[in-house]
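Report on the structure given below.
Reckoned from all heavy atoms, side chains included, excluding hydrogens, waters and symmetry mates.
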Amino acid sequence: MRRGEISVNEPRFTAICLAAGRGSRMESDTQKQYLLLREKPMLYYSLKAFQESFVDSVVLVTGKGEEEYCRRRIVESYGFDKVKAIVAGGRERYHSVYHGLAAVGESEYVFIHDSARPFLTQEILLRTKEGVTEHGACVV
C-alpha cells in the first residue's frame, strides 16, 4: 500500500463538530464556541484534537451565515486540513446533526462532538474508537 492510500479493510472515521449553538444560558454576546480560552476560541481545541487523531475527516457545523468566518478565521488560520466541509446548522441541535450527517460522505463511523466542550483528548478518542468498533456504538 502506498503512503496516503486507505486499505479496503481499514474503516473510515469522520467527526462532526457542532458549533452552531447560541449558548443563550451563558448570557454572553459571544457564542460559547468562539469564547477565548488561552488566546484561542474554544472551537479550536476540538478541531485540534481531531486534526491530531486517527479521524480521517471533519465536518464542521456552524451557525447559518458563519460558514465563511469559520473557514477563514479558524480552519484556514490554524491549518485544520481534515475539515472537509463546513455546513450551516439548523434550528435545533438534532437539525444540525442531520446537516452534518448529510455532508459526511463515505465513512463507517461518525463521531459527533459539541465544540463547546474543549477538553477532548487523544485518550478519549482512542477509547471511543475501541468501543465503537467493538460494539457498533459508543457514548462518551
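A donor-acceptor pair under 3.5 Å is absent between the side-chain atoms of H135 and the main chain of V132, judged by distance alone. Checked by atom type and distance alone, the side chain of T62 never pairs as donor or acceptor with a backbone atom of A20 at under 3.5 Å. With hydrogens and angles ignored, the 3.5 Å screen pairs a side-chain donor or acceptor of Y45 with a backbone N or O of L37. With hydrogens and angles ignored, the 3.5 Å screen pairs a side-chain donor or acceptor of K82 with a backbone N or O of S53.
Looking at Q33 and D114, their side chains never bring a donor and an acceptor atom within 3.5 Å of each other.
Cluster membership check: F50 shares its hydrophobic cluster with F54, using side-chain heavy-atom separations under 4.5 Å among Ile, Leu, Val, Met, Phe, Trp and Tyr. Using a 4.5 Å cut-off between side-chain heavy atoms of Ile, Leu, Val, Met, Phe, Trp and Tyr, with links allowed through other members, V139 and V55 fall into different hydrophobic clusters.
Remark: F13 CZ to S57 OG distance equals 11.5 Å, nearest 0.5 Å. Interatomic distance, I86 CD1 to R72 CZ, rounded to the nearest 0.5 Å: 10.5 Å. Atom CD of Q51 sits about 10.0 Å away from atom OH of Y44, to the nearest 0.5 Å.
Between R71 and E67 there is no salt bridge, since no side-chain N of the basic residue sits under 4.0 Å from a carboxylate O of the acidic one.
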Check: residues 105-113 side-chain donor-acceptor pairs under 3.5 Å, at least two apart:
{"unit_1": "S107", "atom_1": "OG", "unit_2": "R12", "atom_2": "O", "d": "3.1"}
{"unit_1": "S107", "atom_1": "OG", "unit_2": "T14", "atom_2": "N", "d": "3.3"}
{"unit_1": "S107", "atom_1": "OG", "unit_2": "T14", "atom_2": "OG1", "d": "2.9"}
{"unit_1": "S107", "atom_1": "OG", "unit_2": "Y109", "atom_2": "O", "d": "3.0"}
{"unit_1": "E108", "atom_1": "OE1", "unit_2": "R12", "atom_2": "N", "d": "2.4"}
{"unit_1": "H113", "atom_1": "NE2", "unit_2": "S46", "atom_2": "OG", "d": "3.1"}
{"unit_1": "H113", "atom_1": "NE2", "unit_2": "R117", "atom_2": "O", "d": "2.9"}

Throw together a table of side-chain donor-acceptor distances under 3.5 angstrom for residues 122-130, partners on residues two or more places apart or in other chains.
{"unit_1": "Q122", "atom_1": "NE2", "unit_2": "A49", "atom_2": "O", "d": "2.8"}
{"unit_1": "T128", "atom_1": "OG1", "unit_2": "I124", "atom_2": "O", "d": "2.7"}

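Within a 6.0 Å sphere centred on CZ of R38, heavy atoms belonging to other residues, nucleotides or ligands number 12 at most.
Closest approach of P41 and Y78 over heavy atoms only: CD-OH, 3.7 Å.
The side-chain heavy atoms of F80 and V83, taken from C-beta on, include a pair separated by under 4.5 Å. Side-chain contact between L120 and K48: absent, with no pair of heavy atoms (C-beta onward) separated by less than 4.5 Å.
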**Q.** Step-by-step side chain to side chain contact (heavy atoms under 4.5 Å, CB included) determination, C17 to V61
**A.** CA-CA 6 Å; C17 195; V61 181; over 6 Å; no
Q: Decide yes or no on side chain to side chain contact (heavy atoms under 4.5 Å, CB included) for V59 and K84, but give the supporting numbers first.
A: CA-CA 6 Å; V59 174; K84 303 300 182 192; 5.9 Å; no
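In this view, K40 satisfies the side-chain hydrogen bond (donor to acceptor under 3.5 Å, both in side chains) rule with no residue, not counting sequence neighbours.
With L60 as reference, L43 is the one residue of V87, I74, I16, L43 to meet the side chain to side chain contact (heavy atoms under 4.5 Å, CB included) rule.
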